[in-house]
Each structure stands twice: as C-alpha cells, then as structure tokens.
Colleague: 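The structure's right below; bear with me while I get my questions together.
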Amino acid sequence: MQLLSIHSDYIEYETKKKTPVAEEIEPTLKSGRMDDALTIFIAVETYDEADPGATAENAAAEIKKTAEQVKTSRIMLYPYAHLSSDLAKPTVAVDILKRLEETLSIDYNVKRAPFGWYKAFKISCKGHPLSELSRTIRIGGEKGGEGSERSEGRDQKEGRKTEEVVSEALKSEEKAVSHWHVLTQEGELLSIEEFDFSDHPNLKKFVAYETSKSRAVDKIPPHVELMKRLELADYEPGSDSGNMRFYPKGTLIKRLLEAHVMNTVGEMGAVEVETPVMYDMNHPTLKKYLDRFPARQYSIESDKRSFFLRFAACFGQFLMNHDMTISHRNLPLKMVEMTRYSFRREQHGELVGLRRLRAFTMPDMHTLCSDMSGAIAEFKEQYVMCMRMLADVGLEDDYEVAIRFTRDFYEENRDFIKELVEIVGKPVLIELWDSRFFYFVLKFEFNYIDAMNKASALSTVQIDVENADRYDIKYIDRNGGENRPTILHCSPSGAIERCIYALLEREHLKSLEGGVPSLPTWLAPTQVRLIPVAERHLEYAEEIARALDRIRVDIDDREETVGKKVRAAGREWVPYTVIIGDRELESGVLSVNIRSDKVKVEETAQELSRRISSETAGMPYRRINLPMHLSERAIFFG
RNA sequence: GCCUCGGUGGCUCAGCUGGCAGAGCGAGUGAUUUGUAAUCACUAGGUCGCGAGUUCAAAUCUCGCCCGAGGCUCCA
C-alpha cells in the first residue's frame, strides 16, 4: 500500500463522474470538506490482497503516528490510484479502506472520500517539514507490525521498494525453544555446563557461537584478501551485494568442486536434473512452502506476475516428483541439481566475502524414501558420504558437528543418534526442540569454525516430514496403494563458495602457525610451474609440458629473473615449481620445488607426473583455465 | 535494517591544521639472457566513491547518498 500524507489547512472534494469500479454512496458523501486535516492519499496494491486485515492495521498505526506528530484530530482518507502501478482489486481496496476508516474512527474524526469516482478537489498544504510524507506499507516488512520506520528520505527513494516476504518460519524461529547439549562418543548426553571442553577447543567455539551468539573480534576476514590476491573471485560492484564475479582460477576451482560432488552422488545413485531459478509467488503450494522456510527471497516483477528466485532446488524437484509415477521398487529415489544459483536475500550486515552470499552455488539432492525407517537408513549413508566429501575437499579435521532434532524424534531414535556420534568419532553439539517449527524432524550439519570463531554450515542432511504431503508426492506400494514418501534433503558439500572460503581461511590459519599455505593439488589452478632460465630453455620447457599429460602445467616465459619468477609462483601457491636451465637440458632430470614440504627433489618428468597423479587419484581433472604461457596472460586483479 | 570505521592511478597506501595530487608495486618501451622470494632506465596512467553546500580556493570542512569491513540483529 502506498500512502501520501499531507497536513492541510483544508481539503475539499466533489464527485464528478463514476468510474466502472465506483462504490455506491449516500448523496451526503458526494462532496466533502475538512479543515486543518491530515489528508491521506492511498493506493491499495496487489500485495495487500494477501492480508487486508494486517495491511489496514499497519497503515492505521502509521497514520496515527503521523497524526500525533502534526497534532491533528481530523483525518481525510482519499483513494488515489495514481500512487501505484500495481493496484489491488477494487473490492479488496474498498474493504481495506473501510477497515482503515473504522480503526481510525476510534481515536479520530475521520472522513473517507468515495472510491472509484472522478473527483475535483482542492487542498492547501501547510508546508512545514512534516506536512508532506510518503509511506509504503508492506506486511511483515518490519518485526512486530509497527509499520514503516524508515526515514522520509529513504521512503521516497524506495517508494517502489520490492516486496519483502518474511516467512512464518522466520517469525517462528524467534519463538523456538532450544535445549543445548553435548553428546559424547560414549553416548552420554551432557548439558553444556557439564561437558569438559578442554580437549575440544573448536567445539567450544562452536557452542559459544551457537548458544551465546556473542563474538568480539575485529579482524578483516583473511579469505577476502586471499580470494582477490589469488585472482579467484571478487565483489561485483555492478550487481547486488553478495553476487560475486569469479576469475578463471576461481571458476576452475568451483567447477572441480562441483564435478566432484556430482560424481560422488552419481555413484550413490542420484540422477541429475535441472529446474527453473524462479517461481510464481502465488502458486498455492509454493506459497505455503515459502512460509516454512526461514529465508528472505529476491522477488521479480514481470508483467502482472510476481516471481521469487529459488533459494534451493526443493521447489523444482518436488514439483517434478509430484508429476512422476513412482513405484516402491524405485525407492530410495535420488535427484540432484547443482544450483547455480540459489538466491537468498541476506541482510547487508550478514554478507561476508565467500562465506555468506546472496547468490551461491549449492548441490541440492532429495531422496524419496518409503518411510521413516528407510529415511533413517539413507540418512546414515549420506552422513558418511558427507564426511568423505569434506575429507576429499581437504577439510577432514576442520569441522564440528551439530545434530538437531525434535524431542519426539529423539525419544524414538536415541540409539540412532548415538550411532551418528560414534561414526564421526568426536563429541557433537545437540540442539533439541520441544516441538517442530520447521519441516524437518532431524538434521545434522558439519560446520567450519574460522579464525574469528564464526561457524558456517557446510554439509547437511534433513529428514522432511511435511513436503511430500504439501506437494502431493506419492508412490505405489506392494499392494497397489498410494503412500507418502519421507524425503531427505542433502547438500553434500554445502555451498561451493563456502568450501572455498573454508579452505582459504584454514590455509591462512596455517600460515599464521608457520606453515606454508596451499590448496589441495587437485584444486590448484596451476599444478606445475615451469621456469626456463633463459630463452634458449623455452623449447625444452614446452617439451616437458607436453610430457606432463592431464596435469595443469604452465610456463613462466616472461623476461624476468629466475628469482622473480620463483617468488611469483610462491605467491600463487603453485604446488610444484620446476627450474629449467642448462643442467636440466643436459641431464634430463628436473629440479622440482615441492611447496608443501619446502624441499627440492631431483626427478624425471615421469616421476613428477606419477607423484601428482597419485596425489589427485579419484578426483576430477580439468585443463588449465588460462593461457599456458604467462607472457600471454592478462591481469585480473592487481 | 541499526551502530562504528573506511573509499585517493590496475593493486597497496601516503597526503587530510583548506593552497600545483604523490610513492612503491604492476603496466608499456628500451637495455639486460639471467639458476631458486622483487635487474636497471625511461614513459604512460587520477572525475581523490557519487551529489550538493561553505570558501577567493575543497582530496582535505559540512550534509545527503552509494559501496566495503567490523559489531549488533540474523543464519536452511
């Protein structure tokens, strides 16, 4: 709803002619006048149809506030369609106007100009600073329904502000009562106070982060500087905050991580699908789901329709599941999509580098299981797969586990929860809810804890007991009867960008402790850097490069000193650096610098090739994503 | 969204009691053909985030806005 309020010496109107949507009125209302009144020009918009009651209430609160400020007791409500290009249906608009009139009449002397008439009017604006104000009313836009609290200047700027849908889940989260525990490997469920954290400093940080939410550190996140300096990714000023650009090296790393996730879930039987990034805001099923998911959306206007950008692949996959014919013989049925992108309109203050984005790449897999016991068996399998995934990415010892469930689920599955803790082999943070606020009864996440003691979820699996019903997803059982499957949501790695963030932060931490920062060899944008000493060694370097098959090799053929080239390779975290000069030309043996061990070895191209192949075994390979000769490379950053 | 701090060549930053816009790195050109963390010389490169205001004069002072970082709030 759009409001334009004018504190006027007087306002008077006279109806002239009916429009097709005119309301029937008493003859006494055909003209009207009010002196020293607050005149409110109003346009009721499509958004307001969702909840006319709340819209009227919020608008009334807002108008009262203004009336108090300008100290008037008289209010003229004046329908004014031209304030908006997205008007509500006339019936709804009249309904809301009447409710508004009714509410305000309790405290004020209110008149309402008739809806749907061409009217002549005269108004005299007082002209003091508060005499002209505009307001946009959006349901759920502010917590507590207090109406708009934005400043005047901002209101005018954002007069066409896009709709903010705050889901019921976001609101209910405030009310959710959590009980925090630590479950030990021995199966003891201890309170936070009882548990001895002395051997588990990271778990302690994680618990502090989750429960007290208090952090007092003031450092710039190291990965932000690294992602730029290593030419992986950067902010894109031409887009919205939290939408990154990826340079060739960063893109390569992303593609490799994505490929590994897809290979892994493919091996466990998942089939890959692709679904749209935007959905109809008014689709009845989706609307209900929006309300159960604690996230803010981007919304898009197109013609007369409103769309929201997906924040996961659930929508597309569930809608697909709904239309499928599924037999019990097809279960468990796994579908996966590498969502590029998922969108979540996080608050500004929450966005940080690659850690938390508004557009991010996330594998999203859903598994339809016959029932809860099937779901539990799958959950365990995926839990183990996620552990392996993080180990492959290079984060084996760098995460803390949270397992969250409802009290009901726990009562029935105590041993299962204990088993999960045994599998991961370390104590786990437990969050227990008295009742179910979300669509799931059980979830786990693996959380990375960074140098600033912040926790970020990577892998996660959830057991969903709501959406099969909501999307009307069914399978046919042995006896020909229809059944609701139990659905698992799984992101094996979590957001791909976040994996990169975790790796960079971890390596930064390592360098603080005196180690040499580097990426796992299978992710290194350049795996071998060849440095010819002089121009006459270039040809031999090319030969070596050809011999290193399926390895990302490049050649620093720039006219620089060897010292400078070595330094450059080091700053790029290249794992293997090879100097090629007269000695190598004669002996056929290479002088290889191994970054991780800070040592130099003599080996042939074949030996080096085997070393790298064994290091990257089982991981995807992609060719180098830049010209092989450094002299041909443009600079992306710095 | 709120509070605090910041934004000056491609990058990192100096200049900020108002008075000719600077350095290093990087880039281009030339010389050098080089053996393990920065070869030398020269040249180009700036709407000092954007917009107003104060002033003879604004990168510098004031106000508004945009963007970033940290904190708060929040976090599937």
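Keep in mind it's a predicted model, so treat the numbers as computed, not measured. Order of the sequence lines fixes the chain letters, A, B, ..., with proteins taken first and strands second; residue numbering starts at 1 for each chain.
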Colleague: Look only at the side chain of A/Thr460 and the backbone of A/Phe444, and say whether a donor-acceptor pair between them is shorter than 3.5 Å.
Modeller: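 Checking the backbone N and O of A/Phe444 against the side chain of A/Thr460, a donor-acceptor pair under 3.5 Å is found.
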Colleague: Has A/Ser459 got a side-chain atom pairing as donor or acceptor with A/Pro492's backbone, closer than 3.5 angstrom?
Modeller: yes
Colleague: Got a second to check how far A/Ile449's CD1 is from A/Leu203's CG, nearest 0.5 Å?
Modeller: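 Rounded to the nearest 0.5 Å, the CD1-CG separation comes out at 8.0 Å.
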Colleague: Could you work out the separation of B/C3 and B/G22 based on their C1' atoms and round it to a whole Å?
Modeller: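 Taking atom C1' in both B/C3 and B/G22, they lie 35 Å apart.
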Colleague: Rounded off to whole Å, could you give me the CZ-to-P distance for the A/Phe438 and B/C74 pair?
Modeller: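 Roughly 13 Å, once rounded to whole Å.
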Colleague: Please give, in whole Å, the distance from B/C74 P to A/Tyr209 OH?
Modeller: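 Distance check: A/Tyr209 OH to B/C74 P gives 11 Å.
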Colleague: Which base, if any, makes a Watson-Crick or G-U wobble pair with B/U39, both distances under 3.5 Å?
Modeller: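 In the structure as shown, B/U39 has B/A31 as its Watson-Crick or wobble partner.
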Colleague: Taking for each residue the nucleotide of RNA chain B bearing the nearest heavy atom, is the 5' side occupied by A/Arg595 or by A/Ser241?
Modeller: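 The residue closer to the strand's 5' end, by nearest nucleotide, is A/Arg595.
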Colleague: Would you indicate whether the side-chain heavy atoms of A/Met338 and A/Met362 approach each other to under 4.5 Å?
Modeller: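 Not in contact.
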Colleague: Which is true for A/Lys443 with a 4.0 Å heavy-atom rule: it touches a base, it touches only sugar-phosphate, or it touches nothing?
Modeller: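 Sugar-phosphate only.
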Colleague: Tell me if the CD atom of A/Glu539 is crowded by more than 12 foreign heavy atoms within 6.0 Å.
Modeller: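 Open: at most 12 neighbouring heavy atoms sit under 6.0 Å from CD of A/Glu539.
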Colleague: Which whole number of Å gives the distance between the C1' atom of B/C25 and that of B/C40?
Modeller: 16 Å
Colleague: So, does A/Asn243 use its side chain to make a donor-acceptor pair with the main chain of A/Asp240 at under 3.5 Å?
Modeller: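 Looks like yes, one N/O pair under 3.5 Å.
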Colleague: Which residues, if any, of residues 576-585 of chain A bring a heavy atom under 4.0 Å of RNA chain B?
Modeller: A/Ile579, A/Gly581, A/Asp582, A/Arg583, A/Glu584
Colleague: Between A/Ile635 (CD1) and B/C11 (P), how many Å, whole number?
Modeller: 12 Å
Colleague: Below 4.5 Å, heavy atoms only, C-beta onward: do A/Leu226 and A/Trp573 meet side chain to side chain?
Modeller: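 Answer yes - side chains close enough.
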Colleague: Which part of the nucleic acid does A/Phe637 contact within heavy-atom distance under 4.0 Å: base, sugar-phosphate only, or nothing?
Modeller: sugar-phosphate
Colleague: Side chain of A/Pro221 only, please: which of B/U34, B/A69, B/G26 is the nearest?
Modeller: B/A69
Colleague: What integer distance in Å separates A/Arg358:CZ from B/C74:P?
Modeller: 17 Å
Colleague: Sticking with atom P, work out how far B/A14 lies from B/G9, rounded to a whole angstrom.
Modeller: 12 Å
Colleague: Could you tell me whether a side-chain N or O of A/Asn467 sits under 3.5 Å from a main-chain N or O of A/Tyr439, the two making a donor and an acceptor?
Modeller: no
Colleague: Tell me which nucleotide, if any, is Watson-Crick or G-U wobble paired with B/G64 when both distances must be under 3.5 Å.
Modeller: B/C50
Colleague: Taking A/Arg310 for its side chain and A/Tyr341 for its backbone only, find out whether a donor-acceptor pair lies under 3.5 Å.
Modeller: yes
Colleague: Surrounding NZ of A/Lys204 (heavy atoms of other residues, nucleotides or ligands, distance under 6.0 Å), is the total greater than 12?
Modeller: no
Colleague: Taking atom C1' in both B/A59 and B/G49, compute the distance separating them and give it to the nearest angstrom.
Modeller: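 So the two C1' atoms sit 12 Å from each other.
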Colleague: Nearest whole Å is fine: how far is B/G1 P from A/Leu351 CG?
Modeller: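 Interatomic distance, CG of A/Leu351 to P of B/G1: 11 Å.
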Colleague: Please state the P separation for the pair B/A23 and B/G15 - nearest whole angstrom.
Modeller: 15 Å
Colleague: What's the gap between B/G19 and B/U29 when it is taken at their P atoms, as a whole Å value?
Modeller: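 Each nucleotide's P atom is 38 Å from the other's.
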Colleague: Give me the distance, rounded to whole Å, that separates B/A44 from B/A27 when you measure between the C1' atoms they each carry.
Modeller: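 Between the two C1' atoms, the distance is 9 Å.
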Colleague: Round to a whole Å and report the spacing from CG of A/Asp240 to P of B/C66.
Modeller: 13 Å
Colleague: Which base, if any, makes a Watson-Crick or G-U wobble pair with B/G1, both distances under 3.5 Å?
Modeller: B/C72
Colleague: Hey, does A/Gly242 reach any base, or is it just sugar-phosphate, or nothing, if we go heavy atoms under 4.0 Å?
Modeller: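 The residue A/Gly242 makes no contact with any strand.
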Colleague: Would you mind telling me which of B/U33, B/C74, B/G68 lies closest to the side-chain atoms of A/Arg356?
Modeller: B/C74
Colleague: Counting side-chain heavy atoms from C-beta on, which of B/G68, B/U12, B/U36 comes nearest to A/Tyr235?
Modeller: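 The closest nucleotide is B/G68.
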Colleague: Among the candidates B/U36, B/U33, B/G71, find the nucleotide nearest to the side-chain atoms of A/Lys454.
Modeller: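 Nearest to the side chain of A/Lys454 among the choices is B/G71.
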Colleague: Compare all side-chain heavy atoms of A/Ile192 with those of A/Leu429 and state whether any distance is below 4.5 angstrom.
Modeller: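 Yes, side chains in contact.
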Colleague: Can you check the A/Leu357 CG to B/C74 C1' distance for me, whole Å?
Modeller: 16 Å
Colleague: Using purine N1 to pyrimidine N3 plus N6-O4 or O6-N4 for Watson-Crick, or N1-O2 and O6-N3 for G-U wobble, both under 3.5 Å, which nucleotide pairs with B/G26?
Modeller: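 Pairing partner, where one exists within any strand: none, as none qualifies.
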Colleague: Roughly how far apart, to the nearest Å, are B/G18 and B/U60 at atom P?
Modeller: 12 Å
Colleague: Once you apply a heavy-atom cut-off of 4.0 Å, does A/Val533 come out as touching a base, just sugar-phosphate, or nothing?
Modeller: base
Colleague: I'd like a list of close polar pairs between nucleotides 39-42 of chain B and the protein, N/O only, cut-off under 3.5 Å.
Modeller:
| from | atom 1 | to | atom 2 | distance (Å) |
| --- | --- | --- | --- | --- |
| B/U39 | OP2 | A/Thr561 | OG1 | 2.8 |

Colleague: Of A/Thr460 and A/Gly570, whose closest RNA chain B nucleotide lies nearer the 5' terminus?
Modeller: A/Gly570
Colleague: Can you name the salt bridge (charged side-chain N to carboxylate O under 4.0 Å, His left out) partners of A/Asp556, sequence neighbours left out?
Modeller: A/Arg558
Colleague: Output the rounded distance in Å from NE2 (A/His537) to P (B/U34).
Modeller: 8 Å
Colleague: Any strand counts, and the cut-off is 3.5 Å on both contacts for Watson-Crick or G-U wobble. Which nucleotide pairs with B/G19?
Modeller: B/C56
